[in-house]
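In what follows, residues are counted from 1 in the order of the sequence shown. Computed from a predicted structure; not experimentally measured.
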Amino acid sequence: MSYLRKKRQLTQYKLSTELCTQALISKIEQGQVLPSVEILYKLSIRLRVPFHSLFKSLIYERQDYYDHLFEYLDLMSFQRNYKEINTLCQSEMKKKLSDEIINLIHEYYTVSSYFLGEMSFQTAIDQLNKLLKSNVHYHHYTSETILIHMANLYADQNMFSEAIERFKMVISEHKDCPNFNSFKVKVFYDQAIAYYKENKFNYSLESVENGIKHSIKHHDMRYLGHLFKLKADNMAGLNYTDDNKTLTLSMADIFFRLYEYQGESRQRVDRMHNLI
């Protein structure tokens, strides 16, 4: 709605005059509240858009924003940028959100707080277990994202058997969904990292290869740079020839250059935030 208001060259105050408070307009634009049907109808007249179009924009712009936000948080989680995750989550938790959204925000906030040293391991695991049992989920594979976050916490504590158990639980799942298949590439990568930390280079290399195959099968190449880099690290651990390692690192460099999404993804989230 902010976009429509600015397009009509209206301030929040002018749009609200003799209709509601400026504060309500601000809350509507921030996605904190939905107005009554009467107010929404009068807003549609002032903004010169059909009532149903304004209603749909308030619902779907907000949905689209959170879809993009969680995609960005996934990327930041993959890149271990926990400070960025924590900052975004703290900002979102100030809003009035649905239970499904707030649970997923709390999931990322919990993980980032642990890795930033602001939350103990046991507290973080307890919080994730609570979210897992709530059955109030944003999408149909939220429980799998919780399991992987738990696995990464266990791996960070060198509790590798607990971590691998959870990785295998998620890898065994099959869902006909592009977002889940993209997420699964990161699961193979995280599992490979856990094996690598345990010095099980053969198992790590196998998980990397599965991640590469899964990426190609589902036409999602954005994480191949990281996978090929980890493949080279495992080759070093297994004493592969320098030629093999050099070729693998060259592949990693190519994909890093082709698929660097961080800045683009953050700009998209910021643009969506400004729209709602």
Side-chain angles (χ1 to χ4, degrees), residues 71-85 111-112 114-115 121 141 144-145 147-175 178-265:
E71 180 184 347
Y72 181 67
L73 290 175
D74 274 341
L75 178 62
M76 292 298 95
S77 179
F78 183 78
Q79 296 179 357
R80 281 27 179 195
N81 191 344
Y82 298 113
K83 184 64 177 176
E84 174 80 346
I85 294 171
V111 174
S112 63
Y114 164 77
F115 281 107
F121 168 75
Y141 62 95
E144 282 80 8
T145 70
L147 285 171
I148 294 309
H149 282 142
M150 292 174 71
N152 285 327
L153 265 63
Y154 279 118
D156 188 67
Q157 292 285 319
N158 295 329
M159 301 169 69
F160 296 112
S161 60
E162 291 87 348
I164 296 302
E165 177 186 352
R166 285 158 179 80
F167 286 128
K168 288 182 177 179
M169 287 170 63
V170 175
I171 287 172
S172 67
E173 292 288 332
H174 298 282
K175 300 178 188 288
N179 288 340
F180 178 74
N181 286 320
S182 177
F183 163 72
K184 202 167 179 179
V185 174
K186 294 178 284 185
V187 177
F188 282 116
Y189 177 81
D190 285 347
Q191 179 181 249
I193 287 287
Y195 277 130
Y196 182 80
K197 288 181 63 179
E198 202 178 2
N199 295 324
K200 292 184 175 180
F201 303 122
N202 278 319
Y203 287 110
S204 181
L205 187 58
E206 180 184 0
S207 189
V208 166
E209 294 288 8
N210 285 333
I212 292 171
K213 290 176 184 176
H214 197 79
S215 294
I216 294 170
K217 178 180 178 180
H218 295 284
H219 312 290
D220 191 340
M221 312 296 182
R222 74 186 81 179
Y223 303 112
L224 283 176
H226 295 273
L227 286 162
F228 276 107
K229 172 62 171 62
L230 185 53
K231 181 177 180 177
D233 291 340
N234 280 295
M235 286 178 165
L238 293 167
N239 297 317
Y240 275 61
T241 65
D242 288 341
D243 287 345
N244 282 327
K245 288 182 288 185
T246 300
L247 177 60
T248 303
L249 285 172
S250 296
M251 292 294 292
D253 184 60
I254 289 170
F255 284 107
F256 276 130
R257 292 172 184 272
L258 285 173
Y259 297 97
E260 184 49 67
Y261 284 107
Q262 178 171 344
E264 175 187 329
S265 298

Partners meeting side-chain hydrogen bond (donor to acceptor under 3.5 Å, both in side chains) with [X] (sequence neighbours left out):
| X | value |
| --- | --- |
| Ser112 | Asn86 |
| Asn179 | none |
| Tyr223 | none |

Could you measure the distance from the [atom1] atom of [X] to the [atom2] atom of [Y]? Nearest 0.5 Å is fine.
| X | Y | atom1 | atom2 | value |
| --- | --- | --- | --- | --- |
| Asn152 | Leu147 | CG | CG | 11.5 Å |
| Thr248 | Asp253 | OG1 | CG | 12.5 Å |
| Tyr82 | Phe115 | OH | CZ | 4.0 Å |
| Ile212 | Leu230 | CD1 | CG | 9.0 Å |

**Prompt:** salt bridge (Lys or Arg N to Asp or Glu O under 4.0 Å): which pairs involve residues 205-216, sequence neighbours left out?
**Reply:**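 Matches after skipping sequence neighbours: Glu209-Lys231.
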**Message:** Quick test of your reading: applying salt bridge (Lys or Arg N to Asp or Glu O under 4.0 Å), list the pairs with at least one residue in residues 185-195, sequence neighbours left out, ordered by first then second residue.
**Reply:**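 Residue pairs passing salt bridge (Lys or Arg N to Asp or Glu O under 4.0 Å), neighbours aside: Asp74-Lys186, Arg80-Asp190.
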**Message:** When you compare the side chain of His174 with that of Lys184, does any pair of heavy atoms fall below 4.5 Å?
**Reply:**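 When only atoms from C-beta onward are counted, His174 and Lys184 do touch, with a gap below 4.5 Å.
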Please check if the side chain of [X] supplies one atom and the backbone of [Y] the other of a donor-acceptor pair under 3.5 Å.
| X | Y | result |
| --- | --- | --- |
| Ser250 | Thr246 | yes |
| His149 | Thr145 | yes |
| His214 | Asn181 | yes |
| Asn81 | Ser77 | no |

**Request:** List in chain and number order the residues that pass salt bridge (charged side-chain N to carboxylate O under 4.0 Å, His left out) with Asp243, two or more places apart in sequence or in another chain; answer none if no residue qualifies.
**Result:**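 If we apply the salt bridge (charged side-chain N to carboxylate O under 4.0 Å, His left out) test to Asp243, skipping adjacent residues, there are no hits.
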**Message:** I'd like to check the salt bridge (charged side-chain N to carboxylate O under 4.0 Å, His left out) partners of Asp156; sequence neighbours left out, ordered by chain and number.
**Reply:**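 Testing Asp156 for salt bridge (charged side-chain N to carboxylate O under 4.0 Å, His left out), a comparison that skips the adjacent residues, returns none.
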**Request:** Sequence neighbours left out, what passes ring-ring contact (aromatic ring centres under 6.0 Å, His included) with Tyr114? Give chain and number order.
**Result:**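 Checked Tyr114 against ring-ring contact (aromatic ring centres under 6.0 Å, His included); zero matches.
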**Carboxylate-amine/guanidinium contact Glu144 Lys175, below 4.0 Å** =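 Counted as a salt bridge, because a side-chain N and a carboxylate O are separated by less than 4.0 Å.
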**Asked** Between Tyr196 and Asn234, is a side chain to side chain contact (heavy atoms under 4.5 Å, CB included) present by the stated rule, with each step listed?
**Response** CA-CA 7 Å; Tyr196 182 80; Asn234 280 295; 3.4 Å; yes
**Message:** Apply side chain to side chain donor-acceptor pair (under 3.5 Å) to residues Glu84 and Tyr72 and explain how you reach the verdict.
**Reply:** CA-CA 10 Å; Glu84 174 80 346; Tyr72 181 67; 2.7 Å; yes
Let me have the donor-acceptor pairs involving side chains of residues 159-172, under 3.5 Å, with sequence neighbours excluded, atom names and distances please.
residue, atom, partner, partner atom, Å
Arg166, NH1, Glu162, O, 2.9
Ser172, OG, Lys168, O, 3.4
Ser172, OG, Met169, O, 2.7

Contacts table for residues 235-242: side-chain donor-acceptor under 3.5 angstrom, sequence neighbours left out:
residue, atom, partner, partner atom, Å
Thr241, OG1, Asn244, N, 3.4
Thr241, OG1, Asn244, ND2, 3.2
Asp242, OD1, Lys245, NZ, 3.2

**Message:** Using the side-chain contact (heavy atoms from CB on, under 4.5 Å) criterion, which residues pair with Lys229? Sequence neighbours excluded.
**Reply:**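 By the side-chain contact (heavy atoms from CB on, under 4.5 Å) rule, Lys229 matches Asp233, Leu249, Ala252, Phe256.
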**Request:** Go through the structure and list residues passing side-chain contact (heavy atoms from CB on, under 4.5 Å) with Ser207, not counting sequence neighbours.
**Result:**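 Scan of Ser207 (side-chain contact (heavy atoms from CB on, under 4.5 Å), adjacent residues dropped) gives Phe188, Gln191, Ala192.
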**Item:** Aromatic contact, Tyr154 with Phe121 (centres under 6.0 Å)
**Value:**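 Ring-ring flag for Tyr154/Phe121: true, centres closer than 6.0 Å.
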**Message:** Assess the residue pair Asp220 and Ser215 against the criterion (side chain to side chain donor-acceptor pair (under 3.5 Å)); give the C-alpha distance rounded to whole Å, side-chain angles, the decisive distance to 0.1 Å, and a yes or no.
**Reply:** CA-CA 5 Å; Asp220 191 340; Ser215 294; over 6 Å; no
**Prompt:** Aromatic rings Phe255 and Phe228: how do their planes relate, parallel, tilted or perpendicular, breaks at 30° and 60°?
**Reply:**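 Because their plane-to-plane angle is under 30°, the rings of Phe255 and Phe228 count as parallel.
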